[in-house]
Number of protein chains: 2
Amino acid sequence: MDTKAQILAIARELFARQGYRGTSIADIARELGVTPAALYYHYISKADVLDAILAEPLAAYADLAERARSGRLTAAELLGAFIDFTVETRQLMPVVSSDPAVRARLDERLPHSPAEMADAIISALAASSTEPKRLIVARAAYAAAKDGTAAALDFGSGTLSPEHRKLVLATALRALG
Amino acid sequence: MDTKAQILAIARELFARQGYRGTSIADIARELGVTPAALYYHYISKADVLDAILAEPLAAYADLAERARSGRLTAAELLGAFIDFTVETRQLMPVVSSDPAVRARLDERLPHSPAEMADAIISALAASSTEPKRLIVARAAYAAAKDGTAAALDFGSGTLSPEHRKLVLATALRALG
DNA sequence: GTCTATATTGTGATAGAC
DNA sequence: GTCTATCACAATATAGAC
């Protein structure tokens, strides 16, 4: 593994465990076995490391939101895709996207903020209804899928069995009504 | 309002908006119209301010977990109480409890960590079953109640109407199966 | 109760040698 | 590519005057 990728792997883990603000360049450098200055050869700033880590998950999320907007997916397909996305990004998204500093950065750098993308998915789950009641239920179902997946990953040592995937999907669909 | 309470009100809002780490003593002091040093007359440290803010919500949460452990509540009663708790602590709990620095402090200061209390409630929702499938569904229902309530509060300008409360409760119960 | 002044530490980041 | 040395700054916190 080249150094840039190593840095990302370490930063990913530390950001997930301690948060973005709670992790210093020195923390990452220590884990890698170099001095902080060495990191600046590979990435021009701490925020640049964050960007590199989030680029792929955010692109996948944007893609999911785009498919949701198209209206060509059933609720089951949409929730299933969201469950799979949650599995792939489990360590990172919850911790990092809850850091206000990170959110502010993403809001000014992305065409659509993560919150807007979530809205697109939730709106599609509500069958594009603008009625508050449908949107409340859709957001509850979205949360059920996310946290149900997280719970299943906890019990499955980090992997989601097909059986548990079915269970979580059925639970979220039940919530959706 | 006395100064101590004013400080808490300001800190509560800033912590909710910018996170604990993202808010400095200087930020709070500026909002109050004094110098940072003045705050140290009222609270011995920034963590002390945090403790004062969280004491009441955490006690309420611990009480809810205790009632869950007693096994004397139905799933509907438990979820209803959790929805009401979520309404009362809406600004604070999500942001603050997702800051790793805050979590670490709470873990070492409380008899039961917030995560343990959540487990107690989720276990009760699973009817004290230790089967992973039941616990996964229970956690999904718990999340549906939480985020459904948050969505309803968004649409209701910060208040939860009886109608929306019924809706969220029904949605979470449906997820629970 | 609040101020000024300051100690102290941590952090992101740069310059320049090797 | 990595180092040493260092800067600039922000943050928590304290001392002591008013």
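Below, all heavy atoms of this structure are taken into account, side chains as well, without hydrogens, waters or symmetry copies. In what follows, chains carry the letters A, B, and so on, assigned in the order in which the sequence lines appear, proteins first and then strands, with residues in each chain numbered from 1.
Looking at A:Thr171, its side chain does come within 3.5 Å of a backbone N or O of A:Leu167 through a donor-acceptor pair.
A perpendicular orientation is assigned to the rings of A:Phe15 and A:Tyr20, their planes being inclined by more than 60° (bins at 30° and 60°).
When each of B:Asp147, B:Asp154, B:Thr149 is paired with A:Arg139, the side-chain hydrogen bond (donor to acceptor under 3.5 Å, both in side chains) condition holds for B:Asp154 and for no other.
Taking both residues in full, the closest heavy atoms of B:Ala81 and B:Leu64 are given as CB-CD1, 3.6 Å, listed atom of the first, atom of the second, then distance.
Counting heavy-atom neighbours within 6.0 Å of B:Glu131 CD, excluding the residue itself, gives a total above 12. Applying the 6.0 Å contact sphere to CD of A:Glu163 captures no more than 12 heavy atoms from other residues, nucleotides or ligands. For B:Glu77, the CD atom counts as densely surrounded, since its 6.0 Å shell holds more than 12 non-hydrogen atoms of other residues, nucleotides or ligands.
Within residues 25-53 of chain A, the residues having any heavy atom closer than 4.0 Å to DNA chain D are, in order of number, A:Val34, A:Thr35, A:Ala37, A:Ala38, A:Tyr41, A:His42. Applying a 4.0 Å cut-off to non-hydrogen atoms, the residues of residues 12-23 of chain A that approach DNA chain C are A:Thr23, listed by residue number.
Looking at B:Asp99 and A:Arg21, no side-chain N of the basic residue comes within less than 4.0 Å of a carboxylate O on the acidic one, giving no salt bridge. Contact check on A:Arg69 versus A:Glu66 returns a salt bridge, with a Lys/Arg side-chain nitrogen under 4.0 Å from an Asp/Glu carboxylate oxygen.
Remark: A:Lys146 fails to qualify as a cation-pi partner of A:Phe82 under the 6.0 Å distance and 45° angle criteria applied to the six-membered ring.
When DNA chain D is scanned 5' to 3' for any atom under 4.0 Å from a heavy atom of chain A, the first and last hits are D:dG1 to D:dT4.
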